[in-house]
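Here the structure comes first, spelled out in structure tokens, and everything after it is commentary.
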Amino acid sequence: MSSAITLRNVFKTTAFRISAIYIVIFSLFAFFLIGYLVFSSTRLLTERLVEDMVTESQALLNFYNRSGIRRFALAVESRSRSPGAGVYLLTDPTGRYIAGNILDIPPRIFERPPDQYRPPVPYTPVPTNITEFRELESEQHAGIFAVRTLPSGFKLVVGRDMGEMQRLPGIVLRAVVFSIVLLILLGIFSWFFITQRVLKRIDAVSATGQQIMDGDFSKRLPLTGSGDEFDRLSENLNAMLGRIEALVTGLKNVTDNVAHDLKTPISRMRNRLDLALQSVPDPDAQRDVLTSAIEECDKLIRIFDALLRIARVEAGAAAEELKLLDLSSIISDIAELYEAVADESGIDFSVEISENISVNGNRELLGQAVVNLVENALKYSAENRSDEGREPQVTIRLHSEKGHAILRVCDNGPGIPQEQRSRVFERFVRLEESRTKPGSGLGLSLVRAVAHYLNGEIVLEDNEPGLCAVLTLPLA
Amino acid sequence: MRILIIEDDLETASYLQKALDEAGHSSDLASDGETGLSDAQTGQYDVLIVDRMLPKRDGLSVISELRETGDKTPALILSALGQVDDRVEGLRSGGDDYLTKPFAFSELLARVEILGRRSTTTTADTRYQVADLELDRLSHTVKRAGSSILLQPREFRLLEYLMRNAGKVVTRTMLLEHVWDYHFDPQTNVIDVHISRLRGKIDKDFDHQLLHTVRGAGYVLRDNAS
């Protein structure tokens with residue numbers, strides 16, 4: 001997939017969709033907020049104007065009552081001429097113009113109740129110069145008015161022009177639309193640049209992924225070192241890739257091991273059966289061959305099962321949830337089981353288990369691992385008896401230390417040389433000296449797989465003489 | 001006993017039928033899950049042997065269907081899937097025992113016979129008796145020919161299991177499962193050693209042997225004299 005950022009690609013991206021939704025929501029919200037503000041402020045201002053107007057009309061009335069009609073008319077006229085004035089009209093009882101700056105006003109305002117000032121009513125102001133005269137035709141004025149009737153029948157109209165108030169929403173709307181358009185354009189540009197960079201990184205990840213799928217498991221995703229979400233994602237993916245690589249390698253190892261170590265017993269068995277078929281059949285001899293063939297088959301089955309178990313534990317697919325286990329009682333049970341065997345074989349068996357040591361684990365797996373260690377210890381300590389006349393001895397110790405449970409299974413057998421100690425954990429590894437003894441070479445592989453699965457560790461130490469297998473597990 | 005085998009592999013099935021026949025049991029065969037389910041529901045069997053991987057309907061769902069309708073016929077699950085979680089899954093679906101393939105026929109026979117017996121006897125007995133050997137579960141005492149025998153707790157449980165299944169062959173794997181609650185495969189002859197210790201206590205100084213070894217299969221507690 002090319003990294004060309006075409007317009008069509010852009011519309012398909014999640015980034016675009018998220019941005020678009022965000023812009024729409026934001027704009028709607030802004031729109032309603034501004035609309036509400038405009039509406040509220042208009043209303044507030046209008047109310048102030050009305051108050052102002054009513055106060056003025058009252059003041060003028062008082063003036064009339066003190067000063068009489070002539071002075072009053074002059075006062076109205078002078079107010080009309082001051083700049084920034086309201087609009088005024090003084091008529092005689094018949095409605096003829098006496099003073100003021102209103103040229104024309106619909107007569108219906110005189111029929112309104114005196115305290116009704118709204119809605120605004122169109123009117124024509126008196127033009128003060130030639131320009132305004134010309135504009136008369138094109139401009140529409142509207143105002144709110146307070147109408148008062150003087151005791152003598154004269155009528156006073158005091159008003160305020162509503163022009164600006166009415167233009168306000170229009171102005172605001174235009175400003176808002178302009179801003180939104182600007183916002184969208186800016187958004188598109190900056191987002192275009194950002195997504196360019198983001199899409200490039202995503203494409204880099206896809207490309208590496210493709211290489212890996214084509215078979216190169218050693219490839220890893222690049223990190224920019226900025227520690228951002230993409231880097232964290234890449235780190236996690238790299239860890240995952242490392243795991244996949246290990247699993248694939250492990251799988252290859254298993255199949256190689258299987259090929260060699262399992263085909264050998266199979267071919268042994270086949271040879272024996274073949275020989276038996278060809279030689280003169282003697283019922284006892286035949287019986288022996290068949291019995292040993294079955295035994296060989298059983299051994300193979302056990303090896304297969306052990307391999308499968310190891311493979312599943314290593315893949316983390318043991319599937320049973322880890323439960324809280326009383327490790328002390330598990331070890332006690334196993335020790336008791338094998339104490340009888342040790343006794344039979346004349347092996348000194350010493351057990352020291354601290355109580356109440358709990359770990360998180362799987363009873364079957366742990367049990368099998370410990371059994372493997374104990375069986376190994378018993379098997380190898382018995383070896384010593386013939387070699388050097390030493391009393392064979394196996395010790396099992398369980399105690400806790402610094403947040404860990406530590407199990408030591410020790411024997412005083414031939415031990416394992418330092419340089420071989422890591423090898424023996426691999427599948428099917430039997431040291432030269434033990435090649436002919438019973439056992440499949442899988443015991444320690446399982447112990448290691450289980451130890452790692454339970455976040456612990458298995459280490460082999462020199463018991464001087466002999467071997468100590470030390471299994472460490474985190475306490476629950 | 002009447003046994004129903006639900007198994008699609010003809011070779012395994014005919015092997016089972018022949019061997020069961022030789023052991024004195026009669027058996028019927030169903031080769032897929034649906035037929036197996038309807039046969040189990042209509043017939044009266046003592047034990048079912050059910051393979052997990054079946055065409056039309058898998059073994060575990062056959063068993064859970066039977067359990068849901070209240071059918072308690074003991075079922076032995078047979079499967080190549082042998083890991084612990086496979087066992088657990090099988091037993092949770094309503095199976096009574098689980099055996100992995102390939103298996104030794106003696107193992108299968110021992111387990112089937114013990115399963116079949118469950119439907120005829122109750123398990124709530126507090127005292128077991130075989131010849132002059134007595135075991136009292138409540139007081140945890142063991143006597144033979146009137147005299148008390150002192151057993152370790154584990155030895156007691158071992159004898160208890162043998163006596164509960166007296167007359168039936170019990171394999172080493174079964175002992176490991178029921179007395180020690182483990183499903184692993186020991187390399188050494190752990191069980192044999194414990195059995196011989198037990199023998200030393202309950203058989204050695206008495207007039208005749210009750211705990212016998214069955215070659216190639218396991219052990220049985222039985223009074224051969226009667």
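Protein chains get the first letters and strands the later ones, always in sequence-line order, with residue 1 at the start of each. Predicted model, so just to flag it, every value in this text is computed and none were measured.
- Shortest non-hydrogen contact noted between Asp333(A) and Arg154(B) is OD1-NH2, 3.1 Å.
- Only the side chain of Arg197(B) has a heavy atom closer than 4.5 Å to any heavy atom of chain A.
- The shortest distance between side-chain heavy atoms of Val193(B) and Asp343(A) does not fall below 4.5 Å.
- Residue Asp192(B): no heavy atom, backbone or side chain, is found under 4.5 Å from chain A.
- Distance check: Glu155(B) CD to Glu336(A) CD gives 8.5 Å after rounding to the nearest 0.5 Å.
- The local environment of CE in Met53(B) is sparse, with at most 12 non-hydrogen atoms from other residues, nucleotides or ligands closer than 6.0 Å.
- Of the two parts of Leu446(A), neither the backbone nor the side chain holds a non-hydrogen atom closer than 4.5 Å to a non-hydrogen atom of chain B.
- For Phe156(B), the ring pair (Phe, Tyr, Trp, His ring centres under 6.0 Å) partners at least two apart in sequence or on another chain are His140(B).
- Counting heavy-atom pairs under 4.5 Å between each of Glu339(A), Glu344(A), Arg363(A) and chain B puts Arg363(A) at the top.
- Within 6.0 Å of NZ on Lys101(B) lie more than 12 heavy atoms contributed by other residues, nucleotides or ligands.
- Annotation: Leu150(B), atom CG; neighbour count of heavy atoms from other residues, nucleotides and ligands within 6.0 Å does not exceed 12.
- Residue Ile334(A) touches chain B through its side chain alone, counting heavy-atom pairs closer than 4.5 Å.
- Every residue two or more places apart in sequence or in another chain was checked for a ring pair (Phe, Tyr, Trp, His ring centres under 6.0 Å) with His452(A), and none qualifies.
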